[in-house]
Amino acid sequence: MRRGALCLVLTAATFAIFSRTGANEFLLYDDAQYVVMNPRVAGGLSAAGVRWAFTEFHAYNWHPLTWLSHMLDAQLFGGDPRGPHLVNAGLHAAAAVLLFLALEAATGALAAPAFVAGAFALHPLHVQSVAWAAERKDVLSALFWFAALLAWVRYARRPGLARYLAAVALFSLGLLSKPMVVTLPLVLLLLDFWPLGRAPGFPKPRARAGGDGSCPAWGRLVLEKAPLAALAAAAALLALRAQAAGGSINRLYPASLRAENALVSLVAYLGGALWPAGLAVHYPYPVDGIPWWGAAGAALLLAGVTAAAARRLRDAPWMATGWGWYLVTLLPVIGIVQVGNQARADRYTYLPLTGVFLAVAWGCGGVARRFRRGRAVAAAACALLAAWAAASWAQIGYWHDGVTLFTRSLAVTRDNGDARYQLGQALLRQGRFPEALAQLTRSVELNPADPHAQNDLGVALSRTGGRAAAVAAFRRAIELSPTYADPYLNLATALLSLGERTQALSVWRELRAVDPEAAERLAPFVGAGGAP
C-alpha cells in the first residue's frame, strides 16, 4: 500500500513540475534537425521511416527507437511542440517510478529508494534532458535502463530464463534509444556487490541469490553479463561510426587537455548536484587550458572519495556502489573521446547522478538510525526535494524559446561563442536583425573557424544593408567548409542583389558539384537554365 502511494506521489510531483515544458517552443538548437525540419520524422510512422531509422545515421547518431518515438509524436501532434514536451515529461516520471521500484526490490527499503527516485525526478540538472525535445533519447533510454534494472533484480532474486531474457530485451531497447546505456553491465556488477549481496567474500545484506542460499563466484557473475556486454559493445561501435560519419568527433583538443577537463568535469557535476546554480545549455571548452592546480585538486578530491569508499567496503558498501555507479556511467561522455566542443553538459548527469543520490540516501539513513533522528532527516530530505523542485520549475522557464535560453546561458558563462551563435540564430528567426548581427559578430570573433557562424553572420549583414561584407562572410564560410551548401546559396543571392550575375553563375557551378538539388533550385534565379 505504501509502495503504491509513493509511486502516485512521485508521478504527480514530477509531472506537476515538468508539465511546464508544455508551454515551451521547439528550438533551432537540434530540435530543427531532429523534429521540425526532419522530413522523415515529420512524415510520421511508415515502413520507409522505420527502415530509415534502423539503417541510416542522422544528426551524428544511431538510435532508431528514439527516431520512431519522434515519428509517433508527429503522427499524433503534428507540429505542435506541446505534445512532444509533455511526452518527455511523462517518460521522465515513468523512469523515476521504475527507479524507485528497482531500488525497493533490491533493498527492501522504502524511504531511501523514494528519496533517490525523487532526486532523480526533481533535480535541476535533469531539466535539460526533459525540457529539450531533441533529448527524447535521454528520457526514453533511462526508462528502459531502469526497467532493465528492475528485471535484473528480479532475476537475481529468483534466477530463471524468462527473467534473464526480460532484462536483456529491456536493455536492448535502451541501446536502441541511446547508446549511453552501454555501461549497464558494469553497474549490474556493482549491484551484485551491494545491495544484491551476490559477491563472494562480502556480507550479504539480504537473502542471497538462488534458493539454496549459495553465492555465485565472480567468474559466473561476469559470465552472465557477457550477452549484455556484447550488445553494449555493438551499440558503442555503431555510435562511434555515426559520430565519425557526421564529423562530430573533435580531434582539436590534445589528450592532456581532455584528461584534465574530464577530472574537472567530474567534480563540477558533483558541485552542480549540491548547488545547482548557474546552469547553462552549453559550457565552452577551456581551449586556453586548465590551471594545474584545478586539475590536481580535482584528481585529489576524486582519489580521496574513491579511497574512502574502498576503506568502507564492508561497513558502508553503498558508498562503493553509488560512487562506482557515478564514475562508470559517466565514462561514455566524460570527453576522453571528445564529441562536440562543450566542456560538459547537464544532460550527461541524467543517469550518473543516481549513484550519488543513492550513496547520500543510504548514508543519511545510517546517520538517522545511529542518532535516532529519523524524523529530522526525513524532514530535511523533503525540504531538499522541494527546493530542487522549485529550482527545476524556474530552470524550465529558461527553455521557453531560443532567445530566452541562450540569453540565460550568456549570463552565467564567459566567452561562450556557441551560445552567442545560437542566440544570433534565434534573433534572426524573430526578425531582430541588428541584435542578431551583434551576437553573430562576437560569435565569429570567439570561433573564427566556425563556418555556420560565418554563414549566419553573412545573413545578418545582408538583412542590415551590409551586402558587400556579407559576400566576404559567405566566401569565408565556403573556404572553411567547401561541402556546406547554405553559404553557396546565400553568396549567389547576395551577388545577384549587387548586380553580379556572372559571379553568381560561377557560384552556382560550384554549388552544383556540392549539392545538385540546391543548385537546381537556384538555377532559375542566376539564369543558369540547362547550362553545362
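Below, each value reflects all heavy atoms present in this structure, side chains not excepted, and no hydrogens, waters or symmetry copies. Everything quoted here is computed from the prediction, not taken from an experiment.
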Could you walk me through whether Leu170 and Leu149 pass the side chain to side chain contact (heavy atoms under 4.5 Å, CB included) test, one step at a time?
CA-CA 9 Å; Leu170 290 165; Leu149 202 65; over 6 Å; no

Polar side-chain atom of [X] near backbone of [Y] as donor-acceptor pair, under 3.5 Å:
X      : Y      : answer
Asn61  : His63  : no
Lys137 : Ala134 : yes
Gln243 : Tyr60  : yes
Arg432 : Leu427 : no
Thr66  : Ser177 : yes
Ser481 : Ala477 : no
Trp325 : Leu351 : yes
Asn38  : Arg40  : yes
Asn88  : Val130 : yes

Please confirm whether Arg344 makes a cation-pi placement over Tyr283, using NZ or CZ under 6.0 Å from the six-membered ring centre and within 45° of the ring normal.
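Yes, Arg344 lies over the aromatic ring of Tyr283.
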
Are [X] and [Y] packed together at the side-chain level, in the sense that at least one heavy-atom pair is separated by less than 4.5 angstrom?
X      : Y      : result
Asp346 : Val127 : no
Leu110 : Phe100 : yes
Leu231 : Val182 : no
Asp450 : Val444 : no
Tyr484 : Asp486 : yes
Val87  : Phe77  : yes
Tyr253 : Tyr285 : yes
Ser497 : Arg467 : yes

In this structure, are over 12 heavy atoms from other groups packed under 6.0 Å from Arg154 atom CZ?
no

For [X] and [Y], which I'm curious about, is there any donor-acceptor pair between the side chains at under 3.5 Å?
X      : Y      : value
Asn490 : Asn455 : yes
Tyr348 : Gln342 : yes
Asp401 : Thr404 : yes
His123 : Tyr350 : no

When rounded to the nearest 0.5 angstrom, what is the spacing between [atom1] in [X] and [atom2] in [Y]?
X      : Y      : atom1 : atom2 : result
Glu104 : Arg2   : CD    : CZ    : 10.0 Å
Asn416 : Leu423 : CG    : CG    : 10.5 Å
Arg347 : Gln128 : CZ    : CD    : 5.0 Å
Leu457 : Phe474 : CG    : CZ    : 8.5 Å
Asn24  : Trp399 : CG    : CH2   : 9.5 Å
Leu270 : Leu274 : CG    : CG    : 9.0 Å

Looking at [X] versus [Y], is the centre-to-centre ring distance below 6.0 Å?
X      : Y      : value
Tyr269 : Tyr326 : no
Tyr29  : Trp132 : yes
His58  : Tyr34  : no

Ring-plane angle category for Phe26 and His85, please: parallel below 30°, perpendicular beyond 60°, tilted otherwise.
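Rings of Phe26 and His85: tilted, as their planes differ by 30° to 60°.
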
Please determine whether side-chain hydrogen bond (donor to acceptor under 3.5 Å, both in side chains) holds for the pair Arg420 and Gln439, giving the CA-CA distance in whole Å, both sets of side-chain angles, and the decisive distance to 0.1 Å.
CA-CA 5 Å; Arg420 290 196 181 276; Gln439 295 299 332; 2.8 Å; yes

Give me the atom names and distance for the closest heavy-atom approach of [X] to [Y].
X      : Y      : result
Arg429 : Leu27  : NH1-C, 4.4 Å
Ala343 : Ser265 : O-OG, 3.4 Å
Trp62  : Ala53  : NE1-O, 3.9 Å
Thr464 : Leu437 : OG1-CD2, 3.7 Å
Ala381 : Phe115 : CB-CD1, 3.8 Å
Leu190 : Thr321 : O-OG1, 3.3 Å

With His92 as reference, evaluate Phe15, Phe146, Phe120 under the ring pair (Phe, Tyr, Trp, His ring centres under 6.0 Å) test and give the passing residue.
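Result for ring pair (Phe, Tyr, Trp, His ring centres under 6.0 Å) with His92: Phe120.
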
Indicate yes or no: does Asp415 engage Arg442 in a salt bridge with an N to O separation below 4.0 Å.
yes

Assess whether side chain to side chain contact (heavy atoms under 4.5 Å, CB included) is satisfied between Arg136 and Ser69, documenting all intermediate values.
CA-CA 8 Å; Arg136 169 65 57 78; Ser69 77; 3.3 Å; yes

Evaluate Ile17 against Leu122 for side chain to side chain contact (heavy atoms under 4.5 Å, CB included), listing each step before the verdict.
CA-CA 8 Å; Ile17 297 300; Leu122 301 174; 4.1 Å; yes

Please walk me through it: do Glu135 and Lys178 pass side chain to side chain contact (heavy atoms under 4.5 Å, CB included)?
CA-CA 10 Å; Glu135 281 306 304; Lys178 185 179 183 180; 4.1 Å; yes

